[in-house]
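Numbering of ligands and ligand atoms starts at 1, following listing order. Just so you know, these numbers come straight off a predicted model, no measurement behind them. Worth knowing before you read on, the calculation uses all heavy atoms, side chains too, and leaves out hydrogens, waters and symmetry mates.
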Amino acid sequence: MFTPRRALFLGAAAIATTASRKVWAQAAPSGPHTLPALPYAANANEAAIDTMTMEIHHQRHHGAQVAALNNALRDQAEFAALPLDELLQNLSRVPQAIRTAVRNNAGGHANHSMFWEIMGGQGGTPSGEVAEAINRDLGGFDQFRTNFNAAGMGVFGSGWAFVTVTNSGQLAIAQRPGQDNPIMDGLRVLMGNDVWEHAYYLRYQNRRADYLNAWWNVLNWNKINERYAAARAGTLRI
Ligand code: MN3
């Protein structure tokens with residue numbers, strides 16, 4: 001039943017929403033960078049990552065980094081115009097006053113955008129050209145998984161374990177602290193795992209090793225194969 005009282009309530013809600021949007025727009029410009037939607041439901045990675053962790057991690061952690069990046073790039077037309085990978089490759093040219101903010105938040109934006117993309121799958125063993133490259137460069141899948149998990153365990157505090165890929169298809173395991181990303185060093189990322197505590201603490205608490213082991217169960221090897229092909233074609237960006 002539509003009543004004047006209901007109309008008044010809706011009107012107040014609309015005003016409140018408009019007002020909060022204005023505050024948000026001032027606090028964090030809506031561009032040039034945007035939070036990508038998850039390419040699957042938030043519960044798609046339950047075999048390794050619980051739904052609440054996925055939602056908080058994506059919307060709040062990654063979302064805050066995108067907002068902070070846009071905020072840092074306010075009044076920086078030259079750097080605001082750069083694609084994310086080019087921004088990461090040109091950190092030394094970014095004004096010192098915003099360089100740390102750009103490094104942390106552009107790095108985090110790239111890291112998380114990659115992270116969501118490579119999950120949502122059924123895990124299992126890799127196939128196709130990636131499987132061949134893993135055999136050639138990383139000692140086969142079992143050795144790779146052992147060494148990658150060790151790299152994740154070896155990150156002190158917050159950071160990432162990655163597999164880097166060159167444009168000739170060469171793979172290597174790498175670690176980075178904080179939100180640093182191998183793109184900053186002229187490399188490309190095939191895949192990587194977030195070992196910040198926010199990525200796993202709700203389900204695993206201090207048991208990072210259990211999280212690292214479970215993570216393989218939700219990888220999307222088709223997507224990782226696509227990223228490998230793109231790296232070799234020179235079209236892989238982040
Ligand atoms: Mn994270």
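- Atoms of the protein (N, O or S only) found under 2.8 Å from the Mn ion (ligand 1) are His57 NE2, His112 NE2, Asp194 OD2, His198 NE2.
- If you check the side chains of His61 and His112, you find no donor sitting under 3.5 Å from an acceptor.
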What side-chain donor-acceptor pairs closer than 3.5 Å can you find for residues 153-165, not counting sequence neighbours?
residue : atom : partner : partner atom : Å
Trp160  : NE1  : Gln179  : OE1          : 2.8
Thr164  : OG1  : Ala172  : O            : 3.3

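- Between His57 and His198, the ring planes lie perpendicular to each other; the angle is over 60°, past the 30° to 60° tilted range.
- Residues Leu84 and Leu69 have side chains in contact (heavy-atom distance under 4.5 Å, counting atoms from C-beta outward).
- Side chains of His33 and Asn105: a donor-acceptor N/O pair is absent below 3.5 angstrom, by distance only.
- In this structure, the side chain of Tyr40 engages the main chain of Trp116 through a donor-acceptor pair within 3.5 Å.
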